[in-house]
**Q** 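Quick one: structure below, then a few questions.
In what follows, every chain begins at residue 1, and chains take the letters A, B, ... in the order their sequences are listed.
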2 protein chains.
Amino acid sequence: MVKATIDDVAKLAGVSIKTVSRVVNREQNVRESTRERVQQAIAQLNYRPNLSARNLASQRSHLIGLVYDDPSAYEIPSGGFIIRMQQGVLRACAAADYELLIHPCNYRHRNAGDKLHALIDQVRPDGIVLAAPLSNMPRIVNAITAKGTPLVRMSPGEVNGDQYKVVTNDREVCAEMTRYLASLGHRRIAFVTGHRSHKAIKYRFLGYKDGLEQSGLPFSKDLVCSGDNSFGSGEACGDSLLSLDTPPTAVFAANDDMAAGIMRAADRRGIDIPDQLSVVGFDDITLARQIYPSLTTIRQPLSNMAERAAHALINDPGDGSKLKGTDVVPSKLMIRESTGPAPA
Amino acid sequence: MVKATIDDVAKLAGVSIKTVSRVVNREQNVRESTRERVQQAIAQLNYRPNLSARNLASQRSHLIGLVYDDPSAYEIPSGGFIIRMQQGVLRACAAADYELLIHPCNYRHRNAGDKLHALIDQVRPDGIVLAAPLSNMPRIVNAITAKGTPLVRMSPGEVNGDQYKVVTNDREVCAEMTRYLASLGHRRIAFVTGHRSHKAIKYRFLGYKDGLEQSGLPFSKDLVCSGDNSFGSGEACGDSLLSLDTPPTAVFAANDDMAAGIMRAADRRGIDIPDQLSVVGFDDITLARQIYPSLTTIRQPLSNMAERAAHALINDPGDGSKLKGTDVVPSKLMIRESTGPAPA
DNA sequence: AGCCCGTTTGACAGCGTTGTCAGATCCTTT
DNA sequence: AAAGGATCTGACAACGCTGTCAAACGGGCT
């Protein structure tokens, strides 16, 4: 069974290959009757244009690259995020007959930029969706833009002018979460920060402070503990916060992994959640719904964000005119069992 | 900054483009001095062959497709698996300068086969790694083989002759786990089965029976409960098993999600794990290490399996001579805190 | 020197598309 | 009926590489 080419279709429809090409690419100025004839031939032969030939001739690859930090380098389960982003990009791709190429990139390697160049030169994706934290690294961003490949960053913060980026409202939603805790009567609300290199984490911390202020609560350095995004560091912070003379009644962790670590630390000390301690996280990883009690947290619309990013790339006319500005997709609170009224 | 082509390299090195091609493709019969000259020119111009042109001319795409069931269709966190498989395939790809294209495929859609054909016709990957449960579906497998695309299945069971497949020893390792529980003194060991359509689950159940027999324990239907792989169904099975007149002292769930559900059911009843009940799962998802107590389970070498699968595809000489037989990669027990001696 | 044979190299024709541009066709309008 | 302009169509040259095949080269023999 040999594959039908554009020539076969042209012959069957009695037109030139150029006309077939026009129909396939939905170009203007093809008579309706001709278009139909060609479309029938396409259907009959089950013709599908060869991507490579197309790419070679047109410089469009119908391929989107998703570039993210190599999860194996972490011990944290970033897998959930990556999958959700992939799903979003895939939705956009499916809608436009694009395919998705994934490209983990370990920024700790000296040749990370080279590898990216290889991807760009060899495959020539029509665009690249760059996930955090890579999207905040000038070295990585520049490696891509230097080649002129359209790029959408999924992260807050500026790196390179007014390139289009898709972000979520970390700061605002964290303020909201803090106010929610305050509304439950908590007056000593601790915060566990994460890895400094993650820009988003910084915004989460600022949001926490905003929330305290908006609720008329004082900020205290003693109630801030530095983690590194890992479960283990959450456990450690939990231990240290819970052994304070007047421990907090609520802890807000900058991500769910650390929140889970805090819960474990509390569990070990026989501290009941949520009766004695409320714990909240950020991310809504799968674990959040599965631990007991289930975790109140914040869900980022990762898959939507990624979809929007890919969509922009796919629909960019080529001059980058659509690839400007910032698209803010709001996150939302997921209230579950790990939060309750402050203990009397 | 315009991209260097093979012509530029040829000119700079003072050879024909064909010779450059030979060097790039590591072909025989190039004089050492010529090879060096060409390689210098390549380095100097930072030349990288255009994948599309290569594919068009050679019919090799240097692309591997990873096809798996669309995780969004499940409510279970299959994300972890997919990421691990992706990592494995990516390792193999990186080693051979291949790129990876991912292609979720919802087999519940009537046009799933069509979508696969589109992938194959348009992109022409050099091979496809097919993940369970798709790898057990003749409709899907045939859709791929009909096009003559090399395929490696990651799943037990026969579908299509002696195609190469990479599997793990579900049955043997489950027998081992069962014997381990028996060795702790458990005599009433329950089993929670999963979704029937998953072949692997069937083998896990058989392994459980083997293990009972090898330990001289009787098999009892009353100690078997049918779940559907989900956390919720594990919870339900936990409830029903724990309300038996003489409840089991150990429960073996066919996957970790269900094991977590069982633990939750036990927790609600105030049953202590592992003192009163041992629980084990299968898969070693991230959750397994994070719940409290951490879960004894079985870890599949998913990423190794996927790497081997991709490696076979990449190194197949084209006649399929390497793509025969079965590659068994053993799983291993991860003993953690959820198991202990049977209560007196 | 002449011959043979294995090694090394290059010319050239594809691979299946799209872009360019000129030619053919169809309406309007006069 | 002719002219003019928009609309449609096709011939042909790219795109950057590999495969084929023939030519050139380089020893080791007579």
**Q** Judged by each residue's nearest nucleotide on DNA chain D, which is more toward the 5′ side, A:Glu32 or B:Val20?
**A**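 Closer to the 5' end of DNA chain D: A:Glu32.
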**Q** Would you say the side chain of A:Arg35 lies within less than 4.5 Å of the side chain of A:Arg31, judging by non-hydrogen atoms?
**A** no
**Q** Can you tell me how far P of D:dT20 sits from CG of B:Asn29, to the nearest Å?
**A** 15 Å
**Q** Specify the separation, in whole Å, of atom CD of A:Gln28 and atom P of D:dT7.
**A** 10 Å
**Q** With B:Ile128, which of B:Leu119, B:Val152, B:Ile64, B:Leu313 fulfils side-chain contact (heavy atoms from CB on, under 4.5 Å)?
**A**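 Of B:Leu119, B:Val152, B:Ile64, B:Leu313, side-chain contact (heavy atoms from CB on, under 4.5 Å) with B:Ile128 is met by B:Leu119 alone.
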**Q** Which letter, B, S or -, goes with each nucleotide of nucleotides 19-27 of chain C from 5' to 3', with contact meaning a protein heavy atom under 4.0 Å?
**A** BB-------
**Q** At less than 4.0 Å, is any side-chain N or O atom of A:Asn25 found next to OP1 or OP2 of C:dT18? Yes or no.
**A** yes
**Q** Between atom CZ in A:Arg48 and atom C1' in C:dT17, what is the gap in whole Å?
**A** 17 Å
**Q** Between A:Ile102 and A:Tyr68, is there a side-chain heavy-atom distance shorter than 4.5 Å?
**A** yes
**Q** Which of these nucleotides, D:dT9, C:dG16, C:dT9, is closest to any side-chain atom of A:Thr34?
**A**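 The listed nucleotide nearest to A:Thr34's side chain is D:dT9.
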**Q** If the cut-off is 4.0 Å, is A:Asn50 near the phosphate of C:dG16, judged by side-chain N/O to OP1 or OP2?
**A**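 So the side chain of A:Asn50 is outside the cut-off, no N or O lying under 4.0 Å from OP1 or OP2 of C:dG16.
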**Q** Output, in order, the C-alpha distance, side-chain angles, deciding distance and verdict of side-chain contact (heavy atoms from CB on, under 4.5 Å) for A:Asp327 and A:Val167.
**A** CA-CA 6 Å; A:Asp327 189 2; A:Val167 305; over 6 Å; no
**Q** For DNA chain C, whose closest nucleotide is more 5', that of B:Ser33 or that of A:Thr5?
**A**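 Of the two residues, B:Ser33 wins.
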**Q** Could you state the CG-P distance from A:Asp7 to C:dG14, rounded to the nearest angstrom?
**A**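 That distance rounds to 13 Å.
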**Q** Tell me whether A:Thr34 contacts the main-chain N or O of A:Val30 through its side chain, where contact means a donor paired with an acceptor under 3.5 Å.
**A** no
**Q** Does any part of the side chain of A:Leu66, heavy atoms only, come nearer than 4.5 Å to the side chain of A:Leu100, both counted from C-beta?
**A** yes
**Q** Can you measure B:Asp121 atom CG to C:dT17 atom P for me and round it to whole angstrom units?
**A** 10 Å
**Q** Heavy-atom distance under 4.5 Å between the side chains of B:Pro150 and B:Asp126, does that happen here?
**A**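 In short, these two side chains do not touch, never coming nearer than 4.5 Å.
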**Q** Over the length of the helix from C:dA1-D:dT30 to C:dT30-D:dA1, how much do the five-pair end axes diverge, rounded to 10 degrees?
**A** 50°
**Q** Can you find a heavy atom in the side chain of B:Leu302 that is under 4.5 Å from one in the side chain of B:Met154?
**A** yes
**Q** Apply the side chain to side chain donor-acceptor pair (under 3.5 Å) test between B:Ser303 and each candidate in B:Arg91, B:Arg308, B:Gln87; give the one that qualifies.
**A** B:Arg91
**Q** Base, sugar-phosphate alone, or nothing: which one does B:Val15 contact when heavy atoms must sit under 4.0 Å apart?
**A**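 Answer is sugar-phosphate: B:Val15 comes under 4.0 Å of backbone atoms only.
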**Q** In terms of side-chain heavy atoms of B:Val30, which of C:dT9, C:dT17, D:dC15 is nearest?
**A** C:dT9
**Q** Find the distance B:Arg124:CZ to C:dC15:C1' and express it as a whole number of Å.
**A** 10 Å
**Q** Could you tell me if the side chain of B:Tyr164 sits less than 4.5 Å from the side chain of B:Leu151, heavy atoms only?
**A**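 In short, these two side chains do not touch, never coming nearer than 4.5 Å.
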**Q** Report the distance from atom CD of B:Gln59 to atom P of C:dG14, rounded to the nearest whole Å.
**A** 14 Å
**Q** Give the rounded distance in Å between these two atoms: CG of B:Leu56 and P of D:dA14.
**A**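 Whole-Å distance recorded here is 17 Å.
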**Q** For C:dG10, take OP1 and OP2 only and decide whether either is under 4.0 Å from a side-chain N or O of B:Thr19.
**A**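 So the side chain of B:Thr19 is within the cut-off, an N or O lying under 4.0 Å from OP1 or OP2 of C:dG10.
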